[in-house]
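When a residue number appears, it is its place in the shown sequence, counting from 1.
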Amino acid sequence: MNSAETQTRIRRSFAAQSMMKTLGAELTRIDPGHVVIEAPILPTVLQQHGAGHAGLTFSIGDSAAGYAALTMLPQGSEVMTAEMKINLLAPATGERLIATGRVIKTGRRLVVTTAEVHARGADGSTRQIALLQGTMIPVPAA
């Protein structure tokens, strides 16, 4: 699989996600089986206690895991989430969330993935706030 083609395909797909635009998310790294997405913790994505909403955490974690899966699939493929579990470990406080998606196993019909989400503070320190595990299903590109 051509790395440049994979990068272009994933960046094009990511740019088409209006949810990621709404969240201010950026695709910051693409490697085989490994994708990083970052998003600011904006005033518009806070929950009632002032921390980033779990929906932000889940959204970027799910997308990072999905795009990690897509790096392992041939041209003409896309993925959709078949199931995703999240463990919220700590409040999403700080300036940015960093979701690192990884492929655990690529099968013929399913791709098992994981994502870790970390919060980065103003001082540059990070702490893990969530762990996701899911299953992606390859689908034909539209």
Side-chain angles (χ1 to χ4, degrees), residues 1-107 110-142:
M1 184 178 329
N2 182 316
S3 179
E5 286 177 4
T6 300
Q7 291 258 342
T8 299
R9 173 174 57 143
I10 290 173
R11 289 192 185 284
R12 190 172 292 137
S13 176
F14 185 82
Q17 284 199 22
S18 59
M19 175 66 126
M20 292 297 109
K21 288 178 190 168
T22 298
L23 298 174
E26 302 170 81
L27 192 54
T28 59
R29 184 172 175 178
I30 304 168
D31 293 312
H34 181 241
V35 167
V36 178
I37 296 173
E38 298 187 33
I41 302 174
L42 299 169
T44 55
V45 297
L46 302 178
Q47 42 89 304
Q48 70 276 19
H49 301 289
H53 196 283
L56 169 63
T57 303
F58 185 88
S59 292
I60 67 169
D62 176 53
S63 286
Y67 283 119
L70 190 56
T71 66
M72 306 303 287
L73 299 176
Q75 288 291 111
S77 296
E78 280 288 340
V79 296
M80 293 187 76
T81 304
E83 65 84 31
M84 184 66 71
K85 177 197 184 318
I86 187 169
N87 289 103
L88 298 166
L89 308 173
T93 56
E95 292 187 339
R96 286 185 84 69
L97 296 185
I98 304 155
T100 303
R102 290 188 179 84
V103 171
I104 303 300
K105 183 178 189 313
T106 303
L110 300 172
V111 182
V112 177
T113 62
T114 189
E116 292 184 5
V117 182
H118 289 80
R120 184 171 59 217
D123 63 357
S125 65
T126 62
R127 69 180 176 142
Q128 188 173 355
I129 62 156
L131 178 65
L132 294 84
Q133 182 170 317
T135 307
M136 303 294 163
I137 184 165
V139 296

(request) Could you tell me which residues satisfy side chain to side chain contact (heavy atoms under 4.5 Å, CB included) with A68, sequence neighbours excluded, listed by chain and number? (result) V35, V103

(message) Could you go through N87 and Q133, starting from their C-alpha distance and side-chain angles, then the distance that decides it, and tell me whether this counts as side-chain contact (heavy atoms from CB on, under 4.5 Å)?
(response) CA-CA 9 Å; N87 289 103; Q133 182 170 317; over 6 Å; no

(request) First locate atom CG of L23, then atom NE2 of H53, and finally report the distance between them rounded to the nearest 0.5 Å. (result) 11.5 Å

(message) Tell me which one of T126, L56, V45 satisfies side chain to side chain contact (heavy atoms under 4.5 Å, CB included) with L97.
(response) L56

(message) So, taking the atom named CE in M84 and the one named CG in L132, what distance separates them when rounded to the nearest 0.5 Å?
(response) 5.5 Å

(message) Suppose we screen for side chain to side chain donor-acceptor pair (under 3.5 Å). Which residues come up paired with T135, at least two apart in sequence or across chains?
(response) E83

(request) Any salt bridge (charged side-chain N to carboxylate O under 4.0 Å, His left out) involving residues 84-94? Give me the pairs, sequence neighbours left out, ordered by first then second residue. (result) none

(message) Restricting to side chain to side chain contact (heavy atoms under 4.5 Å, CB included), what partner residues turn up for T100, sequence neighbours left out?
(response) H34, V36, I98, R102

(request) Calculate, to the nearest 0.5 Å, the distance between atoms CD1 and OG1 belonging to I37 and T28 respectively. (result) 8.0 Å

(message) Can you pull out every salt bridge (charged side-chain N to carboxylate O under 4.0 Å, His left out) where at least one residue sits in residues 119-130? Sequence neighbours excluded, please.
(response) E38-R120

(request) With rounding to the nearest 0.5 Å, note down the distance linking CE in M20 to CG in L27. (result) 10.5 Å

(request) Quick one: which residue pairs count as a salt bridge (charged side-chain N to carboxylate O under 4.0 Å, His left out) with a foot in residues 20-34, not counting sequence neighbours? (result) E26-R96, R29-D31

(request) Over all heavy atoms of both residues, which pair between I60 and A39 is shortest? Give the atoms and the distance, please. (result) CG2-CB, 4.1 Å

(request) Apply side chain to side chain donor-acceptor pair (under 3.5 Å) to S13 and list each qualifying residue two or more places apart in sequence or on a separate chain. (result) Y67

(message) If I compare all heavy atoms of A69 with all of V111, which pair ends up nearest, and what's the gap?
(response) CB-CG1, 3.6 Å

(request) Nearest 0.5 Å please: distance from the CG atom of L131 over to the CD1 atom of I86. (result) 8.5 Å

(request) Check A130 against L88 and note the closest heavy-atom contact, atom names and distance. (result) CB-CD2, 4.2 Å

(message) Suppose we screen for side chain to side chain donor-acceptor pair (under 3.5 Å). Which residues come up paired with T81, at least two apart in sequence or across chains?
(response) D62

(request) Hey, could you give me each pair passing salt bridge (charged side-chain N to carboxylate O under 4.0 Å, His left out) that has a residue in residues 130-142? Not counting sequence neighbours. (result) none

(message) Give me the atom names and distance for the closest heavy-atom approach of M72 to G33.
(response) SD-N, 3.3 Å

(message) Test of understanding: with side chain to side chain contact (heavy atoms under 4.5 Å, CB included), list the residues that count as partners of A51, not counting sequence neighbours.
(response) Q47, P91, T93

(request) Would you name the heavy atoms of G61 and A115 that are closest together and state the gap between them? (result) O-CB, 3.5 Å

(request) For L46, enumerate each residue passing the side chain to side chain contact (heavy atoms under 4.5 Å, CB included) test, keeping only those at least two apart in sequence or located in another chain. (result) I41

(message) Quick check for you: to the nearest 0.5 Å, what is the distance between I10 atom CD1 and E78 atom CD?
(response) 9.0 Å

(message) Pair L70, M136 - check side-chain contact (heavy atoms from CB on, under 4.5 Å), show working.
(response) CA-CA 9 Å; L70 190 56; M136 303 294 163; over 6 Å; no

